Amino acid sequence: AEYAAIRLRAGTEANGTAKQLWISTPSSGREYGADEPGTALDSYVSPVHFAALAAENADITGWIKAEGTPIDYPIVRTTNNDYYLSHSFSRASNVNGCIFMDYRNAPDYSDKNTVLYGHHMNSGAMFGGLTDWQEQEFYDLVPTITIFLPDRELTVELFAGIVVSGDYEFVRFVFDDEDDFLTYVSDAKEKSAFVSNTRVAADDRIVTMITCSKDIRNGRFVLMGKIV
């Protein structure tokens with residue numbers, strides 16, 4: 001109920017106009033520069049009412065949406081990776097928590113790998129639907145995720161979905177060189193539950209989304225995509 005109310009305040013499902021904005025922005029609401037994936041011109045107007053959301057919680061950094069799925073949430077970032085495991089966007093104690101960015105990341109997605117976390121709720125809330133990408137058929141239907149920022153939007157082309165152990169940290173933020181980064185991406189693609197034709201180049205930036213998995217003890221499902 002809380003996140004349904006937040007969507008209304010954000011404008012993502014407030015009325016027909018807002019709904020149309022979601023549909024029209026990929027083709028008419030942005031223009032990307034050749035050198036900056038996801039960079040919009042000054043004329044870009046976000047369909048998300050970030051000013052209203054920031055007044056409620058200054059930790060907001062963006063909004064994540066996957067068409068045809070329940071994933072439609074604000075993204076927050078604070079000084080640690082613990083707080084939003086048990087607190088909602090309104091900062092109330094809540095077992096659902098909130099979708100949050102790793103505190104080690106820059107909030108503008110300028111890092112080589114930006115990492116987002118969310119609980120795998122049995123209700124399908126938060127990142128409960130992330131494991132749907134373990135099926136090839138689902139990936140074929142939903143091959144991209146959109147992240148909205150105040151000044152631009154990012155299309156994330158998915159290229160791998162893998163199950164890893166939570167006993168060690170699979171995620172990497174720093175790479176020794178281009179070959180090291182490409183090897184990291186290639187290893188993920190080889191282990192992926194789905195096959196993707198998305199090609200990741202050495203100068204690309206990626207987004208990694210993580211939730212729990214019941215497939216193995218202390219498992220994690222990791223969904224990865226490149227920013228275009």
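This chain uses plain numbering: 1 for the first residue, then up along the sequence. Remember, it's a predicted structure, so these values are computed and weren't measured experimentally. Just the heavy atoms: all of them, side chains too, but no hydrogens, waters or symmetry mates, feed the values below.
- Residues satisfying the side chain to side chain donor-acceptor pair (under 3.5 Å) test with Ser213, not counting sequence neighbours, are none.
- In this structure a side-chain-to-backbone donor-acceptor pair under 3.5 Å is present from His120 to Gly128.
- Ser186 places no side-chain N or O within 3.5 Å of a backbone atom of Leu182 that could act as its donor or acceptor partner.
- Geometric assessment of Arg7 against the ring of Tyr73 yields a positive cation-pi assignment under the 6.0 Å and 45° thresholds.
- Of the inter-residue distances, the one linking Ile6 atom CD1 with His49 atom NE2 reads 14.5 Å to the nearest 0.5 angstrom.
- Although no hydrogens or angles enter the test, the distance criterion places a donor-acceptor pair under 3.5 Å between the side chain of Ser196 and the main chain of Leu158.
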Test log, rule side chain to side chain donor-acceptor pair (under 3.5 Å), inputs Arg205 and Asn113 | CA-CA 6 Å; Arg205 298 192 299 262; Asn113 185 14; over 6 Å; no
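- Contacts of Asp180 classified as side-chain contact (heavy atoms from CB on, under 4.5 Å), with partners at least two apart in sequence or in another chain: Arg172, Phe175, Asp176, Asp177.
- With sequence neighbours left out, the side chain to side chain donor-acceptor pair (under 3.5 Å) criterion links Glu135 to no other residue.
- In this structure the side chain of Ile99 never reaches within 4.5 angstrom of the side chain of Met209, judged on heavy atoms.
- Under a 3.5 Å cut-off, the side chain of Thr146 and the backbone N or O of Thr155 do not form any donor-acceptor pair.
- The closest side-chain heavy-atom distance from Tyr3 to Cys98 is below 4.5 Å.
- Proximity of Ile71 to Phe127: side-chain heavy atoms (C-beta onward) are separated by under 4.5 Å at one or more points.
- Here Asp204 pairs with Lys226 in a salt bridge; the nearest charged N to carboxylate O distance falls below 4.0 Å.
- Contact annotation: the side chain of Ile60 never approaches that of Arg77 to less than 4.5 Å [non-hydrogen atoms, C-beta and beyond].
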Applying side-chain contact (heavy atoms from CB on, under 4.5 Å), run through Asp108 and Thr61 and close with a yes or a no.
-> CA-CA 8 Å; Asp108 62 357; Thr61 65; over 6 Å; no
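- Contact record, Ile210 with Val115: CD1-CG1, 3.8 Å, taken as the closest heavy-atom pair.
- For CD of Gln136, the number of neighbouring non-hydrogen atoms (other residues, nucleotides, ligands) closer than 6.0 Å is greater than 12.
- Counting heavy atoms from C-beta on, the side chains of Leu223 and Ile145 come closer than 4.5 Å.
- Taking the six-membered ring where the residue is Trp, the centroids of Tyr139 and Trp133 are separated by 6.0 Å or more.
- Residue pairs satisfying the salt bridge (charged side-chain N to carboxylate O under 4.0 Å, His left out) criterion with at least one member in residues 111-125, sequence neighbours excluded, are absent.
- Looking at residues two or more places apart in sequence or on another chain, you find a side chain to side chain donor-acceptor pair (under 3.5 Å) between Glu2 and Ser88, Ser90.
- The closest side-chain heavy-atom distance from Leu53 to Phe89 is below 4.5 Å.
- Considering all non-hydrogen atoms of both residues, Phe148 and Phe50 come closest at O-CZ, 3.3 Å.
- Lys189 places no side-chain N or O within 3.5 Å of a backbone atom of Asn197 that could act as its donor or acceptor partner.
- At most 12 heavy atoms of other shown residues, nucleotides or ligands fall within 6.0 angstrom of atom CZ in Arg199.
- At least one side-chain heavy atom of Tyr184 sits less than 4.5 Å from a side-chain heavy atom of Met224.
- A side-chain donor from one of Asp102 and Tyr117 sits under 3.5 Å from a side-chain acceptor of the other.
- When side chains are defined from C-beta on, Phe100 counts as touching Leu85, because their heavy atoms get closer than 4.5 Å.
- Listed by chain and number, the residues in a side chain to side chain donor-acceptor pair (under 3.5 Å) with Ser86 amount to none (sequence neighbours excluded).
- Enclosure of atom CG in Asn80 by more than 12 non-hydrogen atoms of other residues, nucleotides or ligands within 6.0 angstrom is indicated.
- For Phe181 against Ala201, the heavy-atom pair with the smallest separation is CE2-O, 3.5 Å.
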